[in-house]
There are 2 protein chains.
Amino acid sequence: MTIKNEKLSSSLEDYLEAIYNLAGENNITRSKDIAEDIGVSRASVTGALRALKEKNLVNYKPYNYISLTESGKLAAAEIANKHEILKSFFIEILDVNKDVAQQAACKAEHALGSDITERLLSFVEFMGKSNRKRYDIIKEFKTFCKDKKKAEKK
Amino acid sequence: MTIKNEKLSSSLEDYLEAIYNLAGENNITRSKDIAEDIGVSRASVTGALRALKEKNLVNYKPYNYISLTESGKLAAAEIANKHEILKSFFIEILDVNKDVAQQAACKAEHALGSDITERLLSFVEFMGKSNRKRYDIIKEFKTFCKDKKKAEKK
DNA sequence: TTGACAAGTTAGGCTCTCCTAACTATATTA
DNA sequence: TAATATAGTTAGGAGAGCCTAACTTGTCAA
């Protein structure tokens, strides 16, 4: 029985997601890379790894490579998924630039529960479905935003 | 010159917003009410008030009523506004129930910068504009969600 | 006016997350 | 293989944000 209901702090979620992204195929990564990815000292990574090991989310032994456990992978995938959904929404519908979208997704992913995330996913899916009306709406919205910007500049 | 660029922690943003909502017309509230509103001990409120006074956002004297300064009002209004925008989006477009929307807005409001918030506002405005196509889209999306739910239950 | 209760503050402590500096283990390469 | 560079850990400390318990101030009613 994998422990699933222990809630992670957003900080630990960040570490988990970073490991997930860095580990890739072989499911292996290093402390140093995590530190760089998140922008934190190596000492902080050691601390986080201990906490994640405690929760059975990473395989961690001092001085060894780091990998995710099965439940770690599940939890990380969920977070990464949320991230992607948010990013898609920001980019494809709100038409925000990629960097802003990436950053905002990072922060917001910790704040939204599954209810909203699922709805948001549905919305992105729905709007993306090839359908003349919806396609038009997105285009019109872009125009709407541009016009608004112009109006402000005056 | 009002100091505007000091970033607030999400915790302090919560206190500020609570004061804003509680203070109402007379711009006056009490420590106890803030504590209850946020769900935190009175001692924690005292701490937060000191921090907010430090940043010139509240008028705070021990054992007195609490009010927002002018810059406090501005900052709080901005946060409350973000909250409203998010809530509208969740309710009116994603068609999420009010309680979920309220809660999610609370958490997400700290995570989104002005870029995204503005776009989101534009989007809500845009979709709300009386326009047959957009109105239809929202209706269709609701149906889409319901169908999806049904499909899952099988 | 005074005493009891409510509101507010202080003190002290806990957890989380981060840091730097110093140390240890591992890897590289001459 | 020994010296050195790189990666990882430990120790110690800071600050934010929260708590409880005890104390102080303020208020209201007998």
Side-chain angles (χ1 to χ4, degrees), chain A residues 5-19 22-24 26-68 72 75-76 79 106-107 109-111, chain B residues 5-19 22-24 26-68 72 75-76 79 106-107 109-111:
Chain A
N5 292 334
E6 287 209 47
K7 288 226 172 142
L8 287 174
S9 65
S10 17
S11 168
L12 288 185
E13 281 187 5
D14 284 336
Y15 284 98
L16 206 60
E17 194 185 5
I19 296 168
L22 291 168
N26 340 327
N27 187 25
I28 266 181
T29 187
R30 292 181 315 163
S31 202
K32 193 214 167 193
D33 297 323
I34 301 168
E36 268 166 17
D37 189 74
I38 300 188
V40 107
S41 75
R42 282 167 300 152
S44 299
V45 175
T46 304
L49 288 173
R50 260 205 287 263
L52 291 171
K53 184 199 170 71
E54 192 67 24
K55 296 178 192 308
N56 260 295
L57 298 168
V58 296
N59 300 119
Y60 166 63
K61 272 195 172 180
Y63 298 105
N64 271 52
Y65 284 108
I66 294 142
S67 63
L68 293 171
I79 298 160
C106 270
K107 291 189 189 160
E109 73 197 21
H110 307 299
Chain B
N5 292 334
E6 288 209 46
K7 290 226 168 140
L8 288 171
S9 66
S10 19
S11 168
L12 289 185
E13 282 187 3
D14 284 336
Y15 284 98
L16 206 59
E17 194 184 7
I19 297 169
L22 291 167
N26 340 327
N27 189 26
I28 266 181
T29 188
R30 292 182 314 165
S31 201
K32 192 213 171 195
D33 297 324
I34 302 169
E36 268 166 18
D37 189 73
I38 301 189
V40 107
S41 75
R42 283 168 301 150
S44 299
V45 176
T46 303
L49 288 173
R50 261 207 285 266
L52 291 171
K53 184 198 171 69
E54 192 66 25
K55 296 179 192 307
N56 261 293
L57 298 169
V58 297
N59 299 120
Y60 166 64
K61 273 195 171 181
Y63 298 107
N64 273 51
Y65 285 108
I66 294 140
S67 63
L68 292 172
I79 298 159
C106 269
K107 290 189 191 162
E109 74 197 20
H110 308 300

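Heavy atoms only: backbone and side chains are in, while hydrogens, waters and symmetry mates are out. Labels below follow one simple rule: chain letters A, B, ... track the order of the sequence lines, proteins then strands, and each chain is numbered from 1.
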Counterpart residues, side chain to side chain contact (heavy atoms under 4.5 Å, CB included), relative to A:Ala43 (two or more places apart)
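Scan of A:Ala43 (side chain to side chain contact (heavy atoms under 4.5 Å, CB included), adjacent residues dropped) gives A:Ser41.
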Who passes side chain to side chain contact (heavy atoms under 4.5 Å, CB included) against B:Ala76, sequence neighbours left out?
B:Leu16, B:Tyr20, B:Leu68
Could you check how far [atom1] of [X] sits from [atom2] of [N], rounded to whole Å?
| X | N | atom1 | atom2 | value |
| --- | --- | --- | --- | --- |
| A:Leu16 | C:dT17 | CG | P | 13 Å |
| A:Ile38 | C:dC18 | CD1 | P | 8 Å |
| A:Leu12 | C:dT17 | CG | P | 5 Å |
| B:Arg30 | C:dA6 | CZ | C1' | 9 Å |
| A:Glu13 | C:dC16 | CD | C1' | 15 Å |
| B:Lys32 | C:dA7 | NZ | P | 4 Å |
| B:Ile66 | C:dT9 | CD1 | C1' | 12 Å |
| A:His110 | C:dC16 | NE2 | C1' | 15 Å |

How long is the straight-line distance from [atom2] of [Y] back to [atom1] of [X], given to the nearest 0.5 Å?
| X | Y | atom1 | atom2 | result |
| --- | --- | --- | --- | --- |
| B:Asn27 | B:Ile19 | CG | CD1 | 9.5 Å |
| B:Glu13 | B:Leu52 | CD | CG | 10.5 Å |
| A:Arg42 | A:Leu49 | CZ | CG | 13.0 Å |
| B:Lys107 | B:Asp14 | NZ | CG | 11.0 Å |
| B:Ile34 | B:Ser44 | CD1 | OG | 12.0 Å |
| A:Leu12 | A:Leu57 | CG | CG | 8.5 Å |

To the nearest 10 degrees, what angle separates the axes at the start and end of the helix from C:dT1-D:dA30 to C:dA30-D:dT1, five pairs each?
10°
Results of salt bridge (Lys or Arg N to Asp or Glu O under 4.0 Å) for A:Glu36 - residues two or more places apart only
A:Lys32
Going by heavy atoms in the side chains, are A:Leu22 and A:Ile66 under 4.5 Å from each other?
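Not touching, per the 4.5 Å side-chain cut-off.
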Do B:Val58 and B:Tyr15 come within less than 4.5 Å of each other through their side chains, counting heavy atoms only?
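Heavy-atom side-chain distance check fails, nothing below 4.5 Å.
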Could you tell me whether A:Tyr15 contacts a base, only the sugar-phosphate backbone, or nothing, with contacts defined as non-hydrogen atoms closer than 4.0 Å?
sugar-phosphate
Report which part of the nucleic acid A:Tyr60 touches: base, sugar-phosphate, or nothing (heavy-atom distance under 4.0 Å, all strands).
sugar-phosphate
Looking only at heavy atoms, which two atoms of B:Arg30 and B:Tyr65 are closest? And how far apart?
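Where B:Arg30 meets B:Tyr65 most closely, the heavy atoms are CG-CE2, 3.6 Å.
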Proximity to DNA chain D (any heavy atom under 4.0 Å), residues of residues 43-53 of chain B only
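Result for residues 43-53 of chain B: B:Ala43, B:Ser44, sorted by number.
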Just N and O in the side chain of A:Ser41: are any of them under 4.0 Å from OP1 or OP2 of C:dT20?
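Answer no for this pair, as no side-chain N or O of A:Ser41 is under 4.0 Å from OP1 or OP2.
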Hey, which sits more toward the 5' end of DNA chain C by its nearest nucleotide, A:Val40 or A:Asn64?
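So the residue in question is A:Val40.
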Which residue, B:Ser31 or A:Tyr63, contacts DNA chain C at a nucleotide closer to its 5' end, judged by nearest heavy atom?
B:Ser31
Taking 5' to 3' order, which nucleotide of DNA chain D is first and which is last to have an atom within less than 4.0 Å of a heavy atom in chain A?
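Footprint of chain A along DNA chain D, 5' to 3': D:dA7 to D:dT10.
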